[in-house]
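Each chain gets a letter, A, B and so on, in the order the sequences are listed, and its residues count up from 1. Side chains are part of it too, since the values below use all heavy atoms of this structure and drop only hydrogens, waters and symmetry mates.
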Amino acid sequence: GENVEQHPSTLSVQEGDSAVIKCTYSDSASNYFPWYKQELGKRPQLIIDIRSNVGEKKDQRIAVTLNKTAKHFSLHITETQPEDSAVYFCAASIEGNTPLVFGKGTRLSVIA
Amino acid sequence: GAGVSQSPSNKVTEKGKDVELRCDPISGHTALYWYRQRLGQGLEFLIYFQGNSAPDKSGLPSDRFSAERTGESVSTLTIQRTQQEDSAVYLCASSRNAGGQETQYFGPGTRLLVL
């Protein structure tokens, strides 16, 4: 089955700097890659996703890139702000009736 | 509209007792998922339901864990003879259907502590 690895497990950046979180997946058939943000004590929420027919997607300060050949995808947050501090989870799935497989999460701390 | 709701929000139980956790998905969502999240860890898939199809139970860690869903509405996750290692937050999520590209909307979770 699918296996998703996520790095780093923790990341600290200065406010205004960029943050990058990377994930790799094992199943070449996976074609949907969402990112979820979980603030302390709250539920995970989808922040951006990408499908295998595109290589990059951007939404304001957040972007995701996908390299299907290498089987990895990354989350990029620019101009980080303290409210970006949270745990971020990547996930992968195959189109159809299969559940998402999540990475173990990255705890991002943005230092003011 | 209302999001995914779960009850109770917190549950403290003694080792060996049975517990039942409830999830109310978003109305109209045919797919429902249960995850377990241990302290500081990622999301561990347990089980999911899609409409009237047989549920995918491949993530259940032992036969002490079971789940039911009534049609396309409420689901209950039951843990029998609880153990201390069952302590975790149990998250429920729903999506319009079980297609892998559907956004999952999470509930607030039930925080279970087994003493």
Inset, instruction - Not counting sequence neighbours, which residues clear salt bridge (Lys or Arg N to Asp or Glu O under 4.0 Å) with B/R81? List them please. - result: none
Legend entry - Interchain contact, B/Y35 with chain A, by part (heavy-atom threshold 4.5 Å): side chain
Legend entry - Donor-acceptor contact present, side-chain A/S109 to main-chain A/S12, <3.5 Å: no
Legend entry - Proximal component of A/Y36, with respect to chain B [non-hydrogen, under 4.5 Å]: side chain
Legend entry - Closest heavy-atom pair and its distance - B/S58, B/F45: OG-CE2, 3.6 Å
Legend entry - Ionic contact status for B/K15 with B/D86, cut-off 4.0 Å: no
Legend entry - Cationic N near anionic O, under 4.0 Å, A/R61 to A/D84: yes
Legend entry - chain A neighbours within residues 63-75 of chain B, where any heavy atom lies under 4.5 Å away: none
Legend entry - Sub-6.0 Å ring centroid separation between B/Y33 and B/F49: no
Inset, instruction - Name the option with the most non-hydrogen atom pairs under 4.5 Å to chain B; the candidates are A/P44, A/G105, A/S9. - result: A/P44
Inset, instruction - Using a strict cut-off of less than 4.0 Å between a Lys/Arg side-chain nitrogen and an Asp/Glu carboxylate oxygen, indicate whether B/R22 and B/D24 qualify as a salt bridge. - result: yes
Inset, instruction - Sort B/L43 into side chain, backbone, both or neither according to what part of it lies under 4.5 angstrom from a heavy atom of chain A. - result: both
Inset, instruction - Could you point out which residue of A/Q38, A/R43, A/K42 forms a side-chain contact (heavy atoms from CB on, under 4.5 Å) with B/F106? - result: A/R43
Inset, instruction - Go through the atoms of B/E44 and report whether side chain, backbone, both or neither lie under 4.5 Å from a heavy atom of chain A. - result: neither
